[in-house]
> 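Sharing a structure below in structure tokens format, with a few things to ask.
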Protein chains: 2
Amino acid sequence: MDSTDKKILYLLKQNARMPLTEMSKIIHLSVPAVSERIRKMEESGIITKYEVRIDRDKLNYKLLAFIFVNIETTKDIEPFRETMAMLPAVLECHHLAGEYDYLLKVVCLDTQDLEQFISSELKSIHGVQKTNTIITLSSIKEEINQ
Amino acid sequence: MDSTDKKILYLLKQNARMPLTEMSKIIHLSVPAVSERIRKMEESGIITKYEVRIDRDKLNYKLLAFIFVNIETTKDIEPFRETMAMLPAVLECHHLAGEYDYLLKVVCLDTQDLEQFISSELKSIHGVQKTNTIITLSSIKEEINQ
DNA sequence: TATGAAAAATCTAGGTG
DNA sequence: CACCTAGATTTTTCATA
């Protein structure tokens, strides 16, 4: 990972579908050289995925919330994690140090949909004890990488 | 946005660099038809960006933390937001309803780096009052879309 | 890492239901 | 309007130096 690799990553962060020919011109390196550097970063696991970002608002998912969750016993943890991985409304699920066990980042259509999610989906999972929901008013920044 | 568009989005979510020819075979539609549908989703703003996901661990950013922040007065808000947008360690910054004003998602090298961030970067911003930091032990899931 | 030929992917035009 | 086919153009891959 030298400075040229960093430049390539920077370009891919801006537009993962940028053609190699275009990157090649910006980086001042031949197309096969750029291609080989990308291949190596994929192979070494530095680049894990190419993703598309979709406007949630346009698809009517107007509500973003963070939910803290406590799990009763250790045997309830694995089923909980599996359910979180499965639920499409759950964008993120982090295991925490501190008062709460997990933090979820959840998208919903509206408050009604969120209520439904918390009571029907989340609280119905065995072992889910206390939850604490925080509503997001707006997002100043939302990136996946530095 | 019909079911075909949803299938295309699903494929792009898995791999934003998937060639149109490959998508065309899976969707059972000609290449120009797939291309046109993608163009329209870009134009209408449903697709906002193509991004690359980088393994933070591989670049030694081993620590992920969530930081709640309170801002003293309304006139301090705008400079705070601008700083958040600028700082590369801050991946996300959400304006919240409730006890705290903002929630940050922050990546750091280690606890020392985090301490440095909180004391030198965050608390040095005018108006930043109370902060509450929660360390992530592990992440079960981290998606940008449903 | 660069070059250039071959292969693959994309774009464009013109046409159909 | 969404789709197709076919030819032109661009991009990517691969072999070689």
Side-chain angles (χ1 to χ4, degrees), chain A residues 1-62 88-89 91 107 109 113 142-146, chain B residues 1-61 88 142-146:
Chain A
M1 266 281 296
D2 60 4
S3 68
T4 309
D5 281 343
K6 280 180 191 161
K7 280 180 198 165
I8 292 172
L9 283 184
Y10 179 80
L11 294 178
L12 285 172
K13 279 179 195 175
Q14 306 308 307
N15 174 18
R17 283 182 74 86
M18 183 183 281
L20 298 179
T21 45
E22 197 177 325
M23 286 194 245
S24 157
K25 279 171 199 159
I26 300 166
I27 308 287
H28 299 294
L29 218 61
S30 71
V31 169
V34 174
S35 172
E36 186 62 10
R37 276 167 178 272
I38 291 174
R39 197 195 58 75
K40 279 182 181 162
M41 287 193 282
E42 287 169 355
E43 200 180 48
S44 68
I46 290 171
I47 290 175
T48 56
K49 214 180 172 200
Y50 300 100
E51 295 182 69
V52 66
R53 192 179 282 269
I54 295 159
D55 189 325
R56 290 196 280 270
D57 253 48
K58 286 248 159 56
L59 302 186
N60 286 116
Y61 286 85
K62 303 278 189 181
L91 295 190
V107 279
L109 297 166
D113 188 32
E142 213 173 348
E143 302 287 334
I144 50 172
N145 301 118
Q146 273 172 284
Chain B
M1 265 281 294
D2 61 4
S3 67
T4 309
D5 282 343
K6 281 179 190 163
K7 281 180 198 166
I8 293 170
L9 284 183
Y10 178 79
L11 294 178
L12 286 172
K13 279 179 195 176
Q14 306 308 308
N15 175 17
R17 282 182 74 87
M18 182 182 282
L20 298 179
T21 44
E22 197 178 326
M23 286 193 244
S24 157
K25 279 171 200 158
I26 299 166
I27 308 287
H28 299 294
L29 219 61
S30 71
V31 169
V34 174
S35 171
E36 186 62 9
R37 276 170 177 271
I38 291 174
R39 198 196 58 75
K40 279 183 181 165
M41 287 193 283
E42 287 169 355
E43 201 180 47
S44 68
I46 290 171
I47 291 174
T48 56
K49 213 179 174 201
Y50 300 100
E51 295 181 69
V52 66
R53 192 180 282 270
I54 296 159
D55 190 326
R56 289 197 281 270
D57 253 48
K58 287 247 159 57
L59 302 186
N60 286 116
Y61 286 86
E142 213 172 348
E143 303 287 336
I144 50 173
N145 299 120
Q146 274 173 284

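Every heavy atom of this structure was used, including side-chain atoms; hydrogens, water molecules and symmetry mates were not.
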> For DNA chain C, what residues of residues 31-41 of chain B have any heavy atom nearer than 4.0 Å?
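Here the set is B/Pro32, B/Ser35.
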> With the side chain counted from C-beta on, respond yes when B/Glu36 and B/Leu29 share a heavy-atom pair under 4.5 Å apart, and no when they do not.
no
> Check the distance between C/dA2's P and A/Ile27's CD1 and give it to me in whole angstrom.
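Distance check: A/Ile27 CD1 to C/dA2 P gives 12 Å.
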> Using heavy atoms and a sub-4.0 Å distance, could you list which residues of residues 8-25 of chain B are near DNA chain C? By number, please.
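Within this stretch, B/Pro19, B/Leu20, B/Thr21 sit under 4.0 Å of the strand.
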> With a 4.5 Å cut-off on side-chain heavy atoms, are A/Gln14 and A/Tyr10 touching?
yes
> Which value, rounded to the nearest 0.5 Å, describes the distance between A/Leu11 atom CG and A/Met18 atom CE?
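It is 5.0 Å, given to the nearest 0.5 Å.
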> Atom CG of B/Asp2 to atom C1' of D/dC3: distance rounded to whole Å?
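Interatomic distance, CG of B/Asp2 to C1' of D/dC3: 13 Å.
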> What's the spacing between A/Ile46 CD1 and A/Ile8 CD1 if we round to 0.5 Å?
11.0 Å
> Please round to the nearest 0.5 Å and tell me the distance separating atom CE of A/Met1 and atom NZ of B/Lys58.
12.0 Å
> Output yes when A/Asp2 and A/Arg37 qualify as a salt bridge under the 4.0 Å nitrogen-oxygen rule, no when they do not.
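Counted as a salt bridge, because a side-chain N and a carboxylate O are separated by less than 4.0 Å.
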> Does the B/Lys13 side chain pair with the main chain of B/Ile144, one donor and one acceptor, at a distance under 3.5 Å?
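A pair under 3.5 Å: no.
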> Salt-bridge test for B/Arg17 and A/Glu42: reply yes if a basic N is under 4.0 Å from a carboxylate O, no otherwise.
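No, no charged N to carboxylate O under 4.0 Å.
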